[in-house]
Amino acid sequence: MTKKLQNITNKLSPIAALLVVVALWAAATGFEWVPAFMLPSPRAVLDAFVSDFPLLLQHAGVTLCEAFAGLTIGVLLAFVLAALMNRFAFLYKALYPVLVITQTIPTIAIAPLLVLWMGFGMAPKITLVVITTFFPIAVSLLDGFRSADADAVNLLRSMGAGRLKIFRHVLMPSALGSFFAGLKVSASYAVVGAVISEWLGGFEGLGVYMTRVQKAYAFDKMFSVILFITLISLVLMWGVTLLRYLVMPWERKEKESK
Amino acid sequence: MPTSPDAVLRAEHISKSFGDHKVLEDVSISLQKGELVCLLGISGAGKTTLFNILSGLMQPDSGHVYVNGAETTGQPGKISYMLQKDLLLPFRTVLDNVALPLMLRGVPKKEAREQAASHFARFGLAGTEKKYPDKLSGGMRQRAALLRTYLASDGIALLDEPFSALDTITKGAIHEWYLDIMRDIELTTLFITHDVDEAVKLSDRVCILGGSPGTIFAQIPIEELRPRAHDFMLGEAFLGYKRKIFEALQL
């Protein structure tokens with residue numbers, strides 16, 4: 001009984017915190033602590049969100065396309081590289097530091113370069129998403145492979161399994177948990193990466209739309225885009241959680257049947 | 001020590017060193033079908049190394065291993081062994097864990113599952129097929145691991161301290177059960193233990209591995225008929241065997 005109550009308070013407290021923030025925001029605009037043209041009220045943002053919704057949806061389609069394409073390629077590349085690095089120790093030693101270094105290069109810094117190389121189409125955006133999502137997934141996969149129980153690997157060897165079967169039956173499933181943790185991070189990176197690369201030029205997409213409303217000083221619309229991007233990221237992360245639930249049935253808590 | 005040629009598992013003159021450290025020296029051991037032999041010894045006497053060699057995971061420096069008459073030295077996949085840790089893969093259902101060795105051998109999934117499932121009742125695992133291992137009790141997990149070992153090894157089980165993680169009562173129950181099932185499925189067992197009582201209670205023969213480098217320096221047959229009476233463990237004969245073992249261990 002108390003556990004149930006605790007569960008409810010656990011779920012309610014973040015909602016309450018969010019409500020407090022929105023209330024403060026409404027107060028700041030309502031009492032004009034901040035000039036209305038600089039900080040639109042929650043109400044105005046919501047109105048802009050509703051009236052712009054078809055337009056936002058259209059731009060989101062493009063951004064999501066880029067994000068998904070980039071994420072898919074990023075996952076595939078990360079998977080291949082992590083598998084190879086796990087198999088060959090010299091590759092691991094040679095590439096792991098390089099991987100870390102590539103991650104310290106700020107995305108925003110290379111985005112203009114990609115535009116110069118690849119033009120204003122989707123290619124530079126997808127490339128940027130690949131670069132940002134690739135690393136967390138590669139690292140989480142590598143860590144996952146290494147977390148596999150060495151005794152379990154030996155057990156399969158004693159049953160006559162070769163490397164490929166050991167990979168399939170022990171290493172891969174052992175790495176799934178940390179893979180999904182990496183994917184969750186990468187899914188939101190993917191959207192943000194796509195938006196940032198759109199800032200620098202393009203014809204469609206949430207980033208393009210953002211720069212457009214920015215130039216018009218339409219703060220309410222800026223906020224509604226940000227709100228929309230946040231929602232998309234949340235939905236994607238929730239999607240990853242759902243995927244994890246479906247792919248890893250052994251993690252589910254058994255329903256009390258007694 | 002002589003090894004008989006018709007044994008199901010036979011190791012001859014096994015020696016193994018790691019660098020300068022000689023771990024096993026001229027170890028020979030053989031098991032007849034249905035026999036239960038216990039390998040008793042001081043920690044560090046090379047018991048686990050011997051198991052690794054018997055299961056083909058490790059190549060001995062010299063010596064040979066035969067399973068059912070065919071040489072299997074350094075070839076994994078013929079006999080598998082079970083550790084104190086049951087090593088059930090947490091991401092596979094109990095049934096898929098048990099069927100794994102069959103699947104690895106190329107038996108189609110459906111057939112492997114059917115074959116594995118047919119043993120579940122006898123191993124006291126009925127109803128656990130679709131569960132994941134973390135939902136099972138320690139004793140059940142151990143039985144599932146045992147079934148998997150049995151299916152992996154063609155009627156031979158190598159057990160490395162299989163029952164030592166269990167509490168005394170569970171252990172006692174699983175001993176009885178194990179002796180029953182062995183007779184039932186004609187299982188041949190070689191197992192490692194530190195527990196002298198367990199060794200005398202279960203075995204047909206106790207092999208004492210010791211020294212540095214390790215070698216088998218005594219084999220003590222336990223000539224008590226089976227099934228052994230419940231008060232065997234409290235009787236004079238039992239103590240006699242224990243005394244013999246302690247003498248051999250030089251304790």
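Residue numbering restarts at 1 for every chain, and letters A, B, ... go by the order of the sequence lines. Computed from a prediction, not measured in an experiment: that's the story for all the values here.
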> If you count heavy-atom pairs under 4.5 Å with chain A, which of B:Pro133, B:Pro101, B:Ala152 comes out on top?
Replying inline: B:Pro101

>> If you count heavy atoms of other groups shown closer than 6.0 angstrom to CG of A:Leu164, is the number above 12?
In response: no

>> Are there over 12 heavy-atom neighbours, none belonging to A:Tyr189, within less than 6.0 Å of that residue's OH?
In response: no

> If you draw a 6.0 Å radius around CD1 in B:Ile169, do more than 12 non-hydrogen atoms from other residues or ligands fall strictly inside?
Replying inline: no

>> Set out, in order, the CA-CA distance, both residues' side-chain angles and the distance that settles side chain to side chain contact (heavy atoms under 4.5 Å, CB included) for A:His169 and B:Arg92, then state yes or no.
In response: CA-CA 9 Å; A:His169 291 295; B:Arg92 294 177 82 93; 3.0 Å; yes

> Of all heavy-atom pairs between A:Arg157 and B:Pro76, which one has the smallest distance, and what is that distance?
Replying inline: O-CB, 3.1 Å

>> Quick check: do B:Met103 and A:Lys165 have side-chain heavy atoms less than 4.5 Å from each other?
In response: no

> Between A:Asp151 and chain B, which part of the residue has a heavy atom less than 4.5 Å away: side chain, backbone, both or neither?
Replying inline: both

>> Given heavy-atom pairs under 4.5 angstrom as the criterion, report whether the side chain, backbone, both or neither of B:Leu88 touches chain A.
In response: neither

>> Using side-chain heavy atoms (C-beta onward) and a distance below 4.5 Å, is B:Phe91 in contact with A:Ser174?
In response: yes

>> I'd like to check A:Asn154 versus B:Asn52 (side-chain heavy atoms, cut-off strictly below 4.5 Å). Are they in contact?
In response: no

>> Counting only heavy atoms not in A:Phe49 (residues, nucleotides, ligands), do more than 12 fall under 6.0 Å from its CZ?
In response: yes

> Who wins among A:Gly160, A:Ser158, A:Pro249, A:Ala161 for the most heavy-atom pairs under 4.5 Å with chain B?
Replying inline: A:Ser158

>> So, taking the atom named CG in A:Leu155 and the one named OG1 in B:Thr149, what distance separates them when rounded to the nearest 0.5 Å?
In response: 7.5 Å

>> Less than 4.5 Å to any heavy atom of chain A: does that hold for the side chain of B:Leu83, its backbone, both, or neither?
In response: side chain

> Using non-hydrogen atoms only, which part of B:Leu89 is less than 4.5 Å away from chain A: side chain, backbone, both, or neither?
Replying inline: side chain

> More than 12 non-hydrogen atoms from neighbouring residues, nucleotides or ligands closer than 6.0 Å to CZ on A:Arg168, yes or no?
Replying inline: no

